[in-house]
Structures are given as C-alpha cells and as structure tokens.
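First comes the structure, then the notes that go with it.
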Amino acid sequence: MIVPRKRKHIMFWIFGGLILALLRLGVSGSQSLNDVQWLPCPFVDEKVHINEEGHTETKYINREAVLQFGNVGDKPLHPTITFLVTASKVDMRRYLEGSEDTLNCEIRRYSTGGIVMRWPTAGAQDNDVWFTCTIRHTQGLFVTTTFLRHTTAAPAQGEVDFLEWKIVNDRDLLTTSAAMVVLTRTPSVEVGFLKEPNLHCQFAVDHKLPNATVEWRLQKHGERSRIFSYSSRTGKSEGSGVAVKAIAAGNASYKLPPTKKHSEGTYICSVMVPPLYGSHDIPLSLSEQPRVAINVGSTLSMILGKDQKLICDAEGYYPLDVNIEWYREASGGSPTPSFLKNVLYSSHRLHQDGTYSLSAFFYLQPSLEDSGYKYTCRVSHKSLLMPIRKSFYLIVTEPDSTLWYITVFGFIIAMLVILCYMLPQFLKGRKAANKRF
C-alpha cells in the first residue's frame with residue numbers, strides 16, 4: 001500500500017524525535033552536542049521573479065530538511081532534503097550548548113550580492129552555492145550563523161544568484177562544508193545604569209589570515225552610527241570598546257562604557273570575509289527596579305474623627321511605566337481585596353541619572369469598622385519578577401473620655417480661680433465708687 005505524502009512526513013518526524021530521544025539516553029544519560037549526528041533544520045527556500053512593474057518579488061517556502069554531520073560520500077539518514085556538513089576547520093557543533101530539544105535550526109539561501117570569487121580553500125569553485133544555517137537557543141543562550149559552501153557537480157553556467165538559484169529537490173543530498181561561523185552569546189542584554197556590559201561576538205573562518213573586516217554599529221530611532229571598525233588588510237581601527245589584538249583569535253566582543261539612558265539601542269556586530277557577510281543584532285535595554293516606601297510604620301493608630309494623608313513612593317525606576325495601587329483587606333487576608341478609588345497621583349519626576357519617581361496618595365478618615373484592616377501599596381514594574389508590597393494595619397479608637405473630663409474640670413477650676421481673684425477687686429472698686437458719691 002502506498003502511504004500518502006503527508007503521512008510520510010508525520011512518520012518521519014515522529015521517527016526523528018524517537019531517534020533524538022534515544023541519542024540523548026546514554027551511559028551518562030546525556031549526549032554531547034559535539035557528537036550529534038543530525039538535527040531537524042527546516043529549509044526556507046526562495047522563489048524570486050520580476051513582476052510586471054520590473055520589481056523583484058520573493059516568495060518564501062518552508063521545506064522539511066535535515067542538517068547531517070559526516071563525511072563526503074555518506075548516505076542521508078532520512079528521506080528528505082539533507083545538508084551534509086563535512087569536516088572542516090570550522091566545526092559548528094563546538095559552539096552549541098544545551099540539548100537538541102533546546103535548539104531552533106533554520107537553513108536559508110545566501111546571495112553573495114554579485115561578488116564572484118573563489119573561496120580560498122581546496123576544492124572551492126568560483127560559483128559555489130552558499131547557504132546559511134542559523135541555530136538559536138530557545139532560552140536565549142546564543143545565536144550562531146554558519147555559512148555552508150556547496151560545490152555543484154557540474155560547473156555553473158553564468159552567474160548563480162537569487163534570480164537563478166540552484167534547484168533543490170525534495171530528497172536531494174547537498175554536500176557542504178562550514179566556511180565561516182559568526183555567533184553571539186548575548187542575543188539580548190538588559191542591565192542597569194552605570195554598568196559596563198560585554199556584548200559577545202565571535203567568529204571563525206576555515207583558513208588562515210582571512211581578509212576580515214569587523215564593525216560594530218548602534219541603531220536607534222531608525223538611524224545607524226558606526227562605533228567601531230577594524231580591517232585586517234590595513235591593520236587600522238576606528239573607535240574603541242573592542243580589543244584589537246583579540247580579533248585575530250576571532251573575539252570581536254564589544255565592552256560598553258558605563259551605561260546611560262542614551263546607551264539603549266540595537267548593537268550590530270558584523271564580520272565580512274568576502275564574499276561573505278555575517279552579522280548579529282543585540283538589543284540592549286536599561287532597567288532599574290523601584291525603591292518603594294510608605295510614610296507610616298507597620299501599624300497606624302488613629303482617633304475617630306481624625307484624618308491622615310497616606311503616601312506610597314516609588315523611586316529610582318526605569319523605564320517610565322510603573323503601576324501603583326492601594327488596596328485593603330480584612331485581617332488574615334482576603335481572596336478579593338478591595339482597591340481604593342480615591343487615590344491621587346503625582347506627576348512623574350525625572351532625576352539627573354535618568355530614573356523616575358512617582359507617588360500615590362489618599363486621605364484616610366476611618367470609622368470604627370475600619371479598625372483591623374490591612375492597607376497595602378502594590379507597585380508593578382517591568383524590572384520586577386513580582387510586585388513590591390508595603391503594608392500597614394489600621395487601629396481606630398474613640399476619643400478618650402477621661403481626658404475630656406479632665407479638660408472640663410480644669411476649665412471650671414481655672415474659672416473659679418479667676419473669679420476668686422477678680423471678685424474681691426470688683427467689690428472693692430464698687431465700695432470706693434460709692435464713698436465718692
């Protein structure tokens with residue numbers, strides 16, 4: 001019975017998954033990626049044509065494929081498009097970390113942009129076909145891009161480029177070798193102010209003394225500016241942040257000066273070894289956690305009829321967006337706390353270091369029924385894994401009647417003392433007045 005095509009594909013991937021699982025189970029319970037034999041790696045093919053208006057249009061086609069490691073002449077392990085990566089001085093597997101199920105692999109065609117030149121290694125031809133293999137770690141540990149060189153069986157006639165791509169059939173085996181790899185172990189960076197992060201960028205080439213150009217650019221607000229460049233051909237460099245001596249060993253990492261607000265943006269590390277150009281974008285964002293405080297202690301005692309202003313301050317946070325809420329709940333906790341609606345907010349205050357502050361406050365005039373409630377200020381910000389909470393318990397008491405009696409009694413005594421002193425003087429004055437008349 002002939003199995004339908006879709007069922008074949010499903011069976012292939014199920015079988016592949018079982019093989020991967022078995023490979024991961026060894027004597028030690030795991031397998032080094034240096035010895036991995038193959039990886040599922042979809043091939044994003046391209047179909048390019050010129051439309052009626054003379055513009056180039058590209059249609060992307062996702063195709064099943066496998067990245068297989070071995071030697072020239074090896075047979076494909078699976079009935080699908082196979083990119084056989086043979087031994088070279090660049091072993092892309094040594095830059096991988098984690099396990100196979102944490103890797104996302106993708107293969108694409110690569111155009112040299114019209115540059116026709118022979119790659120300086122044995123067996124290379126003027127019109128070799130190029131592919132890129134990008135492997136990303138699902139948890140953001142690294143991104144690698146490897147340039148795979150494929151020499152066709154028959155010499156190409158004319159220029160082989162995106163308008164005349166080499167046709168790849170569904171079960172083709174393409175024997176390739178890794179010519180260059182560019183990687184970063186900091187695919188994205190989030191740091192605080194006044195830090196000096198190191199943006200990792202590394203490359204390797206399969207031949208000695210390559211004509212390499214290394215550049216770092218910063219992209220922000222739609223504009224790119226070059227912050228470092230180096231050419232091995234001239235030996236000259238511009239800018240700072242990269243150890244020039246380390247470039248010869250493939251280390252092109254960039255160290256930022258103490259970070260400020262203007263340090264945010266996308267940093268682009270690029271390595272050019274003609275006709276290849278590889279780059280990685282590294283977005284850098286700043287983040288500072290807020291410091292939260294309320295203007296009362298853990299317990300607030302109030303007398304019935306009095307009021308008080310309660311303030312919650314969030315200070316020193318970045319970026320701007322922050323959320324401050326006041327709510328209350330009965331003693332012992334409540335599954336549905338009651339959020340206060342009479343909360344007022346200050347304007348955002350910008351500090352010299354680029355961070356912000358905000359206050360949320362309300363006026364509390366409690367009743368006796370409010371006594372025992374727990375009042376909480378909750379602050380949420382993108383820099384926090386969980387909101388910060390600051391709370392106090394409210395105790396409300398009636399005015400002290402003893403004090404009231406003391407006050408009244410004191411007033412009466414004071415009046416009596418005044419009368420006792422003033423009355424004789426008044427009577428004496430009256431007698432003196434009568435004697436005159």
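Within 6.0 Å of NZ on Lys306 lie no more than 12 heavy atoms contributed by other residues, nucleotides or ligands. Other residues, nucleotides and ligands place no more than 12 heavy atoms under 6.0 Å from the CD atom of Glu223. Summarising the local packing, CD1 of Ile167 is surrounded by 12 or fewer heavy atoms from other residues, nucleotides or ligands at distances under 6.0 Å. The number of heavy-atom neighbours closer than 6.0 Å to OH of Tyr373, taken from other residues, nucleotides and ligands shown, is 12 or below. For Arg94, the CZ atom is loosely surrounded, since the number of other residues' heavy atoms within 6.0 Å does not exceed 12.
Remark: side-chain polar atoms of Ser263 are paired, donor with acceptor, to backbone N or O of Lys260 under 3.5 angstrom. The backbone N or O of Gly192 sits less than 3.5 Å from a side-chain atom of Thr259, completing a donor-acceptor pair. Within the 3.5 Å criterion, the main-chain N or O of Tyr356 finds no donor-acceptor partner in the side chain of Glu288. Proximity of a side-chain donor or acceptor of Thr376 to a complementary backbone N or O of Arg389 within less than 3.5 Å is not detected. Of the possible donor and acceptor atoms, none in the side chain of Thr58 sits under 3.5 Å from a partner among the backbone N and O of Glu46. A donor-acceptor pair is defined here as one N or O able to donate and one able to accept, closer than 3.5 Å; no such pair exists between the side chain of Glu64 and the backbone of Thr80. Side-chain N or O atoms of Asn295 include one that pairs as donor or acceptor with a backbone N or O of Lys309 at under 3.5 Å. In terms of modelled atom types and a separation under 3.5 Å, the side chain of Lys382 and the main chain of Ser287 share no donor-acceptor contact. In this structure, His280 contributes its side chain and Cys201 its backbone to no donor-acceptor pair below 3.5 Å.
The shortest distance between side-chain heavy atoms of Tyr375 and Leu310 does not fall below 4.5 Å. The side-chain heavy atoms of Val242 and Trp216, taken from C-beta on, include a pair separated by under 4.5 Å. Val168 has its side chain within reach of Ile81: a pair of non-hydrogen atoms, C-beta onward, lies under 4.5 Å apart. Contact annotation: the side chain of Pro337 never approaches that of Lys374 to less than 4.5 Å [non-hydrogen atoms, C-beta and beyond]. Residues Cys312 and Val379 form a side-chain contact, since some pair of their non-hydrogen atoms from C-beta on lies under 4.5 Å apart. Counting heavy atoms from C-beta on, the side chains of Lys220 and His262 come closer than 4.5 Å. With contacts defined as side-chain heavy-atom distances shorter than 4.5 Å, the pair Pro274/Met117 qualifies. Residues Asp370 and Met302 are not in side-chain contact: their nearest non-hydrogen atoms beyond the backbone lie 4.5 Å or more apart.
Salt bridge annotation for Asp206-Arg149: absent, with no cationic side-chain nitrogen under 4.0 angstrom from a carboxylate oxygen. Ion pairing between a basic and an acidic side chain is recognised when a charged N comes within 4.0 Å of a carboxylate O; Glu196 and Lys255 show such pairing.
Put simply, OG1 on Thr132 and CD on Glu106 are 8.0 Å apart, with the number rounded to the nearest 0.5 Å. Asn34 CG to Met92 CE: the interatomic distance, rounded to the nearest 0.5 Å, is 12.5 Å. For the atom pair CH2 of Trp326 and CG of Leu344, the computed distance is 12.5 Å after rounding to the nearest 0.5 Å. To the nearest 0.5 Å, the span separating CD on Gln202 from OG1 on Thr144 amounts to 10.5 Å. Residue His49 holds its NE2 atom at 9.5 Å from NZ of Lys59, rounded to the nearest 0.5 Å.
Among the candidates Thr184, Ile268, Val143, the single residue satisfying the side-chain contact (heavy atoms from CB on, under 4.5 Å) test with Asp281 is Ile268. Each of Asp172, Leu173, Ile107, Leu39 was checked for a side-chain contact (heavy atoms from CB on, under 4.5 Å) with Phe83, and the lone residue meeting it is Ile107. When each of Val85, Thr146, Leu84, Val36 is checked for a side-chain contact (heavy atoms from CB on, under 4.5 Å) with Leu67, only Val85 meets the rule.
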Test side chain to side chain contact (heavy atoms under 4.5 Å, CB included) applied to Leu364 and Leu394, step by step: CA-CA 10 Å; Leu364 178 62; Leu394 177 65; 4.0 Å; yes

Pair Arg108-Thr134, side chain to side chain contact (heavy atoms under 4.5 Å, CB included): steps then yes or no: CA-CA 8 Å; Arg108 290 178 176 264; Thr134 299; over 6 Å; no

side-chain hydrogen bond (donor to acceptor under 3.5 Å, both in side chains) assessment of His381 paired with Ser383: CA-CA 5 Å; His381 189 258; Ser383 63; 2.8 Å; yes

Test log, rule ring pair (Phe, Tyr, Trp, His ring centres under 6.0 Å), inputs Tyr95 and Phe142: CA-CA 9 Å; Tyr95 304 104; Phe142 62 84; 9.7 Å; no

Worked verdict on Val205 versus Leu276 for side chain to side chain contact (heavy atoms under 4.5 Å, CB included): CA-CA 11 Å; Val205 186; Leu276 306 181; over 6 Å; no

Residue pair Ile388, Gln289: steps toward the side chain to side chain contact (heavy atoms under 4.5 Å, CB included) verdict: CA-CA 10 Å; Ile388 297 176; Gln289 295 184 358; 5.6 Å; no

Pair Phe147-Tyr110, ring pair (Phe, Tyr, Trp, His ring centres under 6.0 Å): steps then yes or no: CA-CA 8 Å; Phe147 292 82; Tyr110 179 78; 5.2 Å; yes

Worked check of salt bridge (Lys or Arg N to Asp or Glu O under 4.0 Å) between Asp35 and Arg93: CA-CA 8 Å; Asp35 302 321; Arg93 292 174 293 182; 5.9 Å; no

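Nearest heavy-atom pair across Thr176 and His150 is CG2-CB, 3.9 Å. Closest non-hydrogen pair, His137 versus Gly98, comes out as NE2-CA, 4.4 Å. Counting all heavy atoms, side chain and backbone alike, Ile324 lies closest to Leu358 at CD1-O, 3.7 Å. Minimum interatomic distance between Thr82 and Pro76 (heavy atoms only, all atoms of both residues): OG1-CB, 3.6 Å. The nearest pair of heavy atoms linking His200 to Ile282 is O-CD1, 3.7 Å. Nearest heavy atom pair, residue Gly278 against residue Met180, reads N-CE, 4.3 Å.
No side-chain donor from either of Ser111 and Arg109 sits under 3.5 Å from a side-chain acceptor of the other. Between the side chains of Ser270 and Ser279, not a single donor N or O lies within less than 3.5 Å of an accepting N or O. Side-chain contact annotation: His351 with Tyr318, donor-acceptor N/O pair under 3.5 Å absent.
For the cysteine pair Cys41 and Cys105, the distance separating the two SG atoms is below 2.5 Å.
A distance of 6.0 Å or more separates the ring centres of Tyr254 and Phe228.
Using the six-membered ring where Trp is involved, Trp119 and Trp130 have ring planes that are perpendicular, over 60° apart on the 30 and 60° scheme. Under the 30°/60° scheme for interplanar angles, the aromatic rings of His348 and Tyr317 are found to stand perpendicular.
Cation-pi contact between Arg378 and Phe339: absent, since separation from the ring centre below 6.0 Å together with deviation from the ring axis within 45° is not met.
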